[in-house]
Each structure stands twice: as structure tokens, then as C-alpha cells.
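Remarks on the structure that follows.
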Amino acid sequence: QVQLVESGGGLVQAGGSLRLSCAASGSIFSINTMGWYRQAPGKQREFVATVTSGGSSNYADSVKGRFTISRDNAKNTVYLHMNSLKPEDTAVYYCNVDWVLSITLRKVYDFWGQGTQVTVSS
């Protein structure tokens, strides 16, 4: 079993910054890709950014140049540094892991955190 716990959300003015963190715990030998998704009220959940175990990152066009994803493999933690925030970035942000290799060397797929609210005021 794997648990993801997010932190770092909050209320910020437009143009401000926030850093989200997501720590994975449980039966983990290694983690493949970690990422962030978000869901605004009345909208579907959308991709924000991902980072592979090797450090390769990918971003949604809407956040490129403003958000930076990083991870600390030793801590099983992924971060999302958000700069130049806009009101349209307001959403619940969810951490995701696509699969982990458990300590028994089984692949276990698709984990989500509980979400953290980010609100950007204009």
C-alpha cells in the first residue's frame, strides 16, 4: 500500500508564488513517474506536470515557464514550484504516481493524493 500526502496549498495574490510538496510512503522500493494534476470547479481534472525517476520533466503549455517540478528520490517526494500565479491557476492540485516497485518487487499502479487547494486572488 502506498500513501501520498500533499501540502503547501493556500491563498495567494496574483503574481505570487507557492510550493507544493507530495510525500509518498508505504511499501516502496522505487517510484516511476511522479506528477501533478489539477481540477478547477466545474472542470475536468487536467495534467500539470510530471517528472520521471531520471529527472525528465514535462509540462502543460499553460504552466510552462512559470511552474517547475522537481523530486527528491531519497525522500520519495515531488515538489511543484509555482511562480507568477494567475487566477486561472485556482484549483485543487493532486499528486499522482503512475507506478511503484514495492519492497517485494511487485509493480503497483496509479496512486493519488487527497488534493490541496490553491486559490489565486486577482
Seminar exercise, completed: So OG of Ser57 and CE of Met34: to nearest 0.5 Å the spacing works out to 14.0 Å

Exercise. Same cluster for Leu20 and Val51 if Ile/Leu/Val/Met/Phe/Trp/Tyr side chains link at under 4.5 Å?
Worked result: yes

Seminar exercise, completed: To the nearest 0.5 Å, atom OG1 of Thr52 lies from atom CG of Asn32 at 7.5 Å

Exercise. Is there a path of hydrophobic side-chain contacts, each under 4.5 Å between heavy atoms of I, L, V, M, F, W or Y residues, that connects Val108 with Phe29?
Worked result: no

For this session: Report yes if the side chains of Thr90 and Gln117 come closer than 4.5 Å at any heavy-atom pair, otherwise no.
Result: yes

Problem set entry | Aromatic plane relationship, Tyr93 with Phe67 - under 30° parallel, 30 to 60° tilted, over 60° perpendicular | tilted

Exercise. Under a single-linkage definition using a 4.5 Å side-chain heavy-atom cutoff for Ile, Leu, Val, Met, Phe, Trp and Tyr, are Val92 and Ile69 assigned to the same hydrophobic cluster?
Worked result: no

Please report, to 0.1 Å, the donor-acceptor pairs under 3.5 Å made by any side chain of residues 39-50, with sequence neighbours excluded.
unit_1	atom_1	unit_2	atom_2	d
Gln39	NE2	Lys43	O	3.1
Glu46	OE2	Arg38	NE	2.7
Glu46	OE2	Arg38	NH2	3.2

Exercise. Does a side-chain heavy-atom distance below 4.5 Å link Val78 with Cys95?
Worked result: yes

Exercise. Is the backbone N or O of Gly115 less than 3.5 Å from a side-chain atom of Glu6, with the two atoms forming a donor-acceptor pair by type?
Worked result: yes

Exercise. If Ile, Leu, Val, Met, Phe, Trp and Tyr residues are connected whenever their side-chain heavy atoms lie under 4.5 Å apart, and connections chain through other members, are Val12 and Trp36 in the same group?
Worked result: yes

Exercise. If we only count heavy atoms from C-beta on, is the Thr77 to Arg71 side-chain gap below 4.5 Å?
Worked result: no

Problem set entry | Gap between atom OG of Ser21 and atom NE2 of His81 - 0.5 Å precision | 7.5 Å

Seminar exercise, completed: Note: Gly113 and Tyr94 closest approach over all heavy atoms is O-CD2, 3.7 Å

Exercise. For the atom pair OG (Ser121) and CD (Gln13), what is the distance rounded to the nearest 0.5 Å?
Worked result: 5.0 Å

Exercise. Do Val118 and Met82 come within less than 4.5 Å of each other through their side chains, counting heavy atoms only?
Worked result: yes

Exercise. How far does CG of Asn96 sit from CG of Leu4, to the nearest 0.5 angstrom?
Worked result: 7.5 Å

Problem set entry | Gap separating the OH atom of Tyr59 from the CG atom of Leu80, nearest 0.5 angstrom | 7.5 Å

Exercise. Ile31 and Leu105: same hydrophobic cluster, using ILVMFWY side-chain contacts below 4.5 Å?
Worked result: no

